[in-house]
Amino acid sequence: MTVLSGRRRGANPSGTGLGRRSLRVRLVLFVSVTLVAVCAVMALSTVLVQRVYLLGDLDQRVTDAAERSQGGLQRRTGGATDLGFLNERGQPAGTLAARFADGEIIAAEVVTEDGRQGVLTTAQRAALQGITADGSLHTRDLPGLGTYRVTALGGDGVPVLAGLPMADVQQVIDRLVVVEAAIAAVGLATAACASAVVIRRQLRPLGRVAATAAEVARVPLDRGEVAVLARVAARDTDPGTEAGQVGVVLNQLIDHVEASLAERRRTEERMRRFLADASHELRTPLASIAGYAEYMNGGNRTIAPELAWRRVSAQSARMTGLVEDLLLLARLDEGRPLRRTEVNLATLVAEAVWDAQAAGGEHDWQLALRLDGPVTVVADPSRLHQVVANLLANARVHTPAGTKVTVVVESLETSRCVIRVRDDGPGIPPGLLPSIFERFTRADGSRSRMPGEEGGTGLGLAIAAALTQTHGGRIDVESEPGRTEFSVTLPTAGRSAAPSSPQL
């Protein structure tokens, strides 16, 4: 049975293959291979061009030698095998000449190194067979003499064959190959070294960026206070270079990480404060209920049982309301959709103002409708009523008696409408405005409650903001001594989201 290895066949376990080498090594190898290919193409082209040129020159000399031989034979009176013209001045060593008779070579000689004539052997003559006297050039290997370039001329003159050795041409080509190989080797070595140095220098910024990333990666981000993280130096953040672009992006990533960590710390602090406030708010009614229950179980009763039961019921209702508010906020945080239907905003706000007037008759309540026509929004009527009721309750609880509270419903030209709740009370402290819509935020110090009235839980405005956002709207606040205004901006029915069936 064949056992299959978990490692892919052909994989390099050492990790030293080309695919796993560093970018610096791969760049040097790529440049070197490219230069080798370019040098090889250039050298081959040079050799081929030079060979064509030398062969062309040799062919011309062979043709000239054949024409001189033919002319020399016409001036001589010798026999059919006379090759005495080879003794004439100017014939280089290695020049070959032959005579034809009925297509057969009947005489063939070559000029030797000492200037004399040497008769070709039978094997050498056989190598020249098949050459016709048409002036075409041929390359033949003659045993003992080497490679020759030969041609034969006939026509009206005496048929004759002439040839010159190719040894000189081959020698020049060989020397050219050696010289080009030596120059290419030196050039490639120099280019490889220069490329390695230049690439190393150019990749140094990338190495520094990697070092910065490694330094940031070693910082424990999951616990404790995180100090300021390292940044890529300005010299390595030039957007005109690839390494600089990486440095810029890494700095942006580090900024995002720091911002996320800071937000996480703020979220954790808000959560701890939220849990502490929620625990405190729940502990107070629970302590009251436990106290009254213990008192009723005791023997010494100075308070009527009916009064004790009313206080227990009141504290229970307070605790139930707090739990329901917390549950509503949790559901809104989860993104649960609301039950939506078309709601006449003017009617809803008017009913909320009447309810607030009944609960706070000591305030001056005003309602103003600045509408071009009926204003309809797609919303959950009970939840939207809760938004308006919370804003009105906030104005009633945190302002003294006689405060004028004006509620304005206004339609805007941008297919939106706005609800403004304005009062002329003492205002909100400037330091409290940034966190006014956070949970368990109170302004008891500057906006005093009425004597004997219990304080709220600090969840009303947070619920109003969350519900407004869920309806696709926005809630804002502006406050100064003598004027505080909350504005709720909502999209009208034409721009509201489509109704959804699930309910909170």
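Along the sequence shown, the residues carry numbers beginning at 1.
- Taking the side chain as every heavy atom from C-beta outward, Leu161 and Leu96 approach each other to under 4.5 Å.
- To the nearest 0.5 Å, the span separating OG1 on Thr34 from CG on Leu188 amounts to 11.0 Å.
- Taking both residues in full, the closest heavy atoms of Ala66 and Leu153 are given as CB-CD1, 3.6 Å, listed atom of the first, atom of the second, then distance.
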Hey, can you pull the donor-acceptor pairs under 3.5 Å for the side chains in residues 459-467, sequence neighbours left out?
none

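- A pairwise comparison of heavy atoms in Val62 and Gly163 identifies CG1-CA, 4.3 Å as the closest pair.
- Pairing each heavy atom of Pro165 with each of Gly94, the nearest pair is CD-O, 3.4 Å.
- By the 4.5 Å heavy-atom criterion applied to side chains, Glu478 and Arg483 are counted as neighbours.
- Taking 4.5 Å as the limit, some side-chain heavy atom of Val377 sits within range of a side-chain heavy atom of Cys417.
- Qualifying salt bridge (charged side-chain N to carboxylate O under 4.0 Å, His left out) partners for Arg149, counting only residues two or more places apart in sequence or in other chains: Asp59.
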Task: Criterion side chain to side chain contact (heavy atoms under 4.5 Å, CB included) on Leu384 and Leu490, from CA distance to verdict - done: CA-CA 10 Å; Leu384 190 56; Leu490 296 170; 3.7 Å; yes
Give the table of side-chain donor-acceptor pairs shorter than 3.5 Å for residues 166-181, with sequence neighbours excluded, one pair per line with atom names and distance.
{"from": "Gln170", "atom 1": "NE2", "to": "Asp174", "atom 2": "OD1", "distance (Å)": "3.1"}

Open item on the list: For Thr470 and Asp380: C-alpha separation, side-chain torsions, deciding distance, then whether side chain to side chain contact (heavy atoms under 4.5 Å, CB included) applies.
Closed with: CA-CA 10 Å; Thr470 304; Asp380 185 329; over 6 Å; no
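- Of all the heavy atoms in Ala108 and Ala98, the pair that sits closest is CB-CB, 3.8 Å.
- More than 12 heavy atoms of other residues, nucleotides or ligands lie within 6.0 Å of CD in Gln129, so this atom counts as buried by the packing criterion.
- Although no hydrogens or angles enter the test, the distance criterion places no donor-acceptor pair under 3.5 Å between the side chain of Ser195 and the main chain of Val28.
- Screening residues 134-145 for salt bridge (Lys or Arg N to Asp or Glu O under 4.0 Å), with sequence neighbours left out, gives no hits.
- In this structure, Leu412 and Thr492 have side chains that are not in contact, with every pair of non-hydrogen atoms separated by 4.5 Å or more.
- Using modelled atom types, no side-chain atom of Asp476 and backbone atom of Ser487 make a donor-acceptor pair closer than 3.5 Å.
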Give the table of side-chain donor-acceptor pairs shorter than 3.5 Å for residues 48-56, with sequence neighbours excluded, one pair per line with atom names and distance.
none

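- Looking at Thr112, its side chain never comes within 3.5 Å of a backbone N or O of Gln117 through a donor-acceptor pair.
- In plain terms, the two heavy atoms of Pro143 and Ala123 that are nearest each other are CD-O, 4.2 Å.
- To the nearest 0.5 angstrom, Leu253 atom CG is 7.5 Å from His256 atom NE2.
- With rounding to the nearest 0.5 angstrom, the CZ atom of Arg339 is 9.5 Å from the CZ atom of Arg383.
- When all heavy atoms of Val232 and Asn251 are compared, the closest pair comes out as N-OD1, 2.8 Å.
- The side-chain hydrogen bond (donor to acceptor under 3.5 Å, both in side chains) analysis of residues 229-243, with sequence neighbours excluded, yields the pairs Arg208-Asp236, Arg231-Asp255, Arg231-Glu258.
- Annotation: the span from Ile106 atom CD1 to Arg125 atom CZ amounts to 9.0 Å, rounded to 0.5 Å.
- Considering only heavy atoms from C-beta on, Val209 stays 4.5 Å or farther from Gln245 through its side chain.
- In this structure, Val110 and Tyr148 have side chains that are in contact, with non-hydrogen atoms separated by less than 4.5 Å.
- A distance of 9.0 Å separates CD1 in Ile419 from OG1 in Thr489, rounded to the nearest 0.5 Å.
- Asn394 contributes atom CG, which lies 7.0 Å from atom CD1 of Ile428 (distance to the nearest 0.5 angstrom).
- Looking only at side-chain heavy atoms (C-beta outward), Leu128 and Leu120 come within less than 4.5 Å of each other.
- Side-chain contact between Val343 and Thr341: present, with at least one pair of heavy atoms (C-beta onward) separated by less than 4.5 Å.
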